[in-house]
Number of protein chains: 2
Amino acid sequence: MKTMNDNTADQTLCPVARAETVVGDRWTVLILRELFMRMHRFEEIQAQTGATPQMIAARLKKLEADGLVKRRVYNKRPLRHEYQLTKKGEAFYPVILALRAWGETWCKSPREGRAVNLTHLTCGKPAGLGPACESCGKPLHREDLVAERAPKYQREREARWEAFKANR
Amino acid sequence: MKTMNDNTADQTLCPVARAETVVGDRWTVLILRELFMRMHRFEEIQAQTGATPQMIAARLKKLEADGLVKRRVYNKRPLRHEYQLTKKGEAFYPVILALRAWGETWCKSPREGRAVNLTHLTCGKPAGLGPACESCGKPLHREDLVAERAPKYQREREARWEAFKANR
DNA sequence: GCTTGTGCCTATGAATTCCATAGTAACATG
DNA sequence: CATGTTACTATGGAATTCATAGGCACAAGC
């Protein structure tokens, strides 16, 4: 019995399949999450995702090649780069938001609270899980949102950073 | 230098990370896509995703274990199953929709048209890419949508099915 | 000027996963 | 009783992933 891998899958018209060739990977999505959280440095991303440096390096390289991420020099001598989202990368936000909504709703027990609470600047009230604002009903856009981490999640992230620094 | 893989990643409060442990895989997402397209049989999924039978079998098993998919007998003697989305699986639709929107917008040249056009039953007009209806502005829900495949995409899928049947 | 620290990776080898191909099981149909 | 249908399982090589270790280019402190 034969499979049908004459890579028709890569030439499909299906946008989901196209998207998945770019972001169909756990680490890639977690890296994008960090970039949306404004973590721009290699080590921060490494610490918060828990991936090995090669995984991060390879994914960042691919994300750059695919046009979602650009490198920016923040220090010459020694040469240091940081990673930023391009327009194409920023445009991925709705997917992250939808993934967050699904994860909060279906991958958690009720007693665990939200990791992040969003405030909708447009109306000044809590935005909820989207895609529309739970307070004013308008569709959510990243530029109108302020994220605040729950204390527990904040501590979790700080602990990861400390643990990372401690044993390197 | 050490990495930080005391699987804190699996115990995180982050909903995106939680979701990714379930759906952070190319094949898994493509299988879900097929289920949303109402393809319920193993071989249909296999033909349209281009994955090998083990990949499909393993992913379906995990999706069932994770509660996104349930198996239903559609024929005893010989015993045959089909795969259906549970509530948890159905709830994943916004992610697929967001992925579709991003893929259509950023992973295609303008000359290639949409693969699928959605009609918003609520207003009777084209729904666009979401998350809100481009015609009436209301948030899109799967139950209010009818999908029509573009002829080109329809042919692409038929061709894959024929090719699959031809050499099995 | 020599050691220690920082930031961003690369190297290596073992473990795991993936994938192409082939084959099986349990029947129905002619 | 031979062929077809549907849903898988088996096998072995290729590719990827992971844990651990190291390297390079500099800055800062002593």
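Chain letters run A, B, ... following the sequence lines, proteins first, then strands; residues in each count from 1. Just so it is clear, the model here is predicted, and its values are computed rather than measured.
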Enquirer: Listing request: all salt bridge (Lys or Arg N to Asp or Glu O under 4.0 Å) pairs with a residue in residues 74-84 of chain B, at least two apart in sequence or in separate chains.
Expert: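 Sorted pair list: B:Arg41-B:Glu82, B:Arg72-B:Glu82.
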Enquirer: For the pair made of CD1 in A:Ile45 and P in C:dC8, what is the distance, rounded to whole Å?
Expert: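 After rounding, the gap between these two atoms is 9 Å.
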Enquirer: Checking B:His40 now: which residues fulfil side-chain hydrogen bond (donor to acceptor under 3.5 Å, both in side chains) with it, not counting sequence neighbours?
Expert: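 Not a single residue meets the side-chain hydrogen bond (donor to acceptor under 3.5 Å, both in side chains) criterion with B:His40.
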Enquirer: Can you tell me how far P of C:dT10 sits from NE2 of A:His81, to the nearest Å?
Expert: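 Whole-Å distance recorded here is 12 Å.
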Enquirer: Less than 4.0 angstrom between a side-chain N/O of A:Tyr83 and OP1 or OP2 of C:dG7, yes or no?
Expert: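 Checking C:dG7 against A:Tyr83, no side-chain N or O comes under 4.0 Å of OP1 or OP2.
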Enquirer: Going by heavy atoms in the side chains, are A:Glu64 and A:Thr86 under 4.5 Å from each other?
Expert: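 No, side chains not in contact.
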Enquirer: Closest approach to the side chain of A:Pro53, judged atom by atom: which nucleotide of C:dT10, C:dC8, D:dA19 is it?
Expert: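 Within the option list, the nearest is C:dT10.
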Enquirer: Just call it for B:Lys61: base, sugar-phosphate, or nothing, with non-hydrogen atoms closer than 4.0 Å on any strand.
Expert: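 Sugar-phosphate contact only.
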Enquirer: By side-chain hydrogen bond (donor to acceptor under 3.5 Å, both in side chains), which residues pair with A:Arg157, not counting sequence neighbours?
Expert: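 Listed in chain order: A:Glu34, A:Tyr153.
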Enquirer: Can you measure from CG (A:Leu63) to CG (A:Leu35) and round to the nearest 0.5 angstrom?
Expert: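 Spacing of CG (A:Leu63) from CG (A:Leu35) equals 7.5 Å.
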Enquirer: Show me, pair by pair, the donor-acceptor contacts under 3.5 angstrom made by side chains of residues 137-148 of chain A, not counting sequence neighbours?
Expert:
unit_1   : atom_1 : unit_2  : atom_2 : d
A:Arg142 : NE     : A:Glu90 : OE1    : 3.0
A:Arg142 : NH1    : A:Phe36 : O      : 3.1

Enquirer: Taking DNA chain D as the partner, which of residues 62-69 of chain A come within under 4.0 angstrom of it by heavy atom?
Expert: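 Going residue by residue through residues 62-69 of chain A, none turns out to have a heavy atom under 4.0 Å of DNA chain D.
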Enquirer: Please state how far atom CD1 in B:Ile56 lies from atom P in C:dT21, giving the value in whole angstrom units.
Expert: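 So the two atoms are 16 Å apart, to the nearest Å.
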Enquirer: By the ring-ring contact (aromatic ring centres under 6.0 Å, His included) test, which pairs, at least two apart or in different chains, include something from residues 49-90 of chain A?
Expert: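 Residue pairs with at least one partner in residues 49-90 of chain A: there are none.
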Enquirer: Quick one: side-chain hydrogen bond (donor to acceptor under 3.5 Å, both in side chains) partners of B:Glu134, sequence neighbours excluded?
Expert: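 Per chain and number, B:Glu134 pairs via side-chain hydrogen bond (donor to acceptor under 3.5 Å, both in side chains) with no residue.
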Enquirer: In whole angstrom, what separates A:Phe164's CZ from D:dA19's P?
Expert: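 To the nearest whole Å, that distance equals 14 Å.
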Enquirer: Side-chain N or O of A:Tyr74 versus OP1/OP2 of C:dC8: is the shortest distance under 4.0 Å?
Expert: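 Yes.
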Enquirer: Whole-Å distance between D:dG4 P and B:Lys165 NZ?
Expert: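 Between P of D:dG4 and NZ of B:Lys165: 13 Å.
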Enquirer: Could you run down nucleotides 24-30 of chain D 5' to 3' and tag each one B, S or - for protein heavy-atom contact under 4.0 Å?
Expert: -BSS---
Enquirer: Does A:Arg71 make a side-chain N or O approach to OP1 or OP2 of C:dC9 shorter than 4.0 Å?
Expert: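 Affirmative; the distance criterion is met.
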Enquirer: Output all residues satisfying side-chain hydrogen bond (donor to acceptor under 3.5 Å, both in side chains) with A:Thr119, sequence neighbours left out; order by chain, then residue number.
Expert: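 Checked A:Thr119 against side-chain hydrogen bond (donor to acceptor under 3.5 Å, both in side chains); zero matches.
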Enquirer: Side-chain atoms of residues 107-116 of chain A: list all donor-acceptor pairs with protein atoms under 3.5 Å, sequence neighbours left out, distances to 0.1 Å.
Expert:
unit_1   : atom_1 : unit_2   : atom_2 : d
A:Lys108 : NZ     : A:Glu104 : OE1    : 2.9
A:Lys108 : NZ     : A:Glu104 : OE2    : 3.2
A:Lys108 : NZ     : A:Gly113 : O      : 3.2
A:Lys108 : NZ     : B:Leu13  : O      : 2.6
A:Ser109 : OG     : A:Glu112 : OE2    : 3.4
A:Glu112 : OE1    : B:Arg18  : NH2    : 2.7
A:Glu112 : OE2    : A:Ser109 : N      : 3.0
A:Glu112 : OE2    : B:Arg18  : NH1    : 3.3

Enquirer: Hey, what are the protein-to-nucleotides 12-17 of chain D N/O distances that come in under 3.5 Å?
Expert:
unit_1 : atom_1 : unit_2  : atom_2 : d
D:dT17 : OP1    : A:Arg59 : NH2    : 3.2

Enquirer: Check the distance between C:dG7's C1' and A:Trp161's CH2 and give it to me in whole angstrom.
Expert: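 A:Trp161 atom CH2 is separated from C:dG7 atom C1' by 9 Å.
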Enquirer: How close or far is atom P of C:dT17 from atom CZ of B:Arg26, stated in whole angstroms?
Expert: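 Going from CZ in B:Arg26 over to P in C:dT17 covers 18 Å.
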Enquirer: With sequence neighbours left out, which residue pairs that include part of residues 50-63 of chain A fulfil the salt bridge (Lys or Arg N to Asp or Glu O under 4.0 Å) condition?
Expert: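 Found A:Asp25-A:Arg59, A:Lys62-A:Asp66.
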Enquirer: Between C:dC8 atom P and A:Arg41 atom CZ, what is the distance in whole Å?
Expert: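 Rounded to whole Å, this separation is 6 Å.
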Enquirer: Indicate whether any N or O donor in one side chain lies under 3.5 Å from an N or O acceptor in the other, for A:Gln154 and A:Glu158.
Expert: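 Looking only at side-chain atoms, A:Glu158 and A:Gln154 do form a donor-acceptor pair, the distance falling under 3.5 Å.
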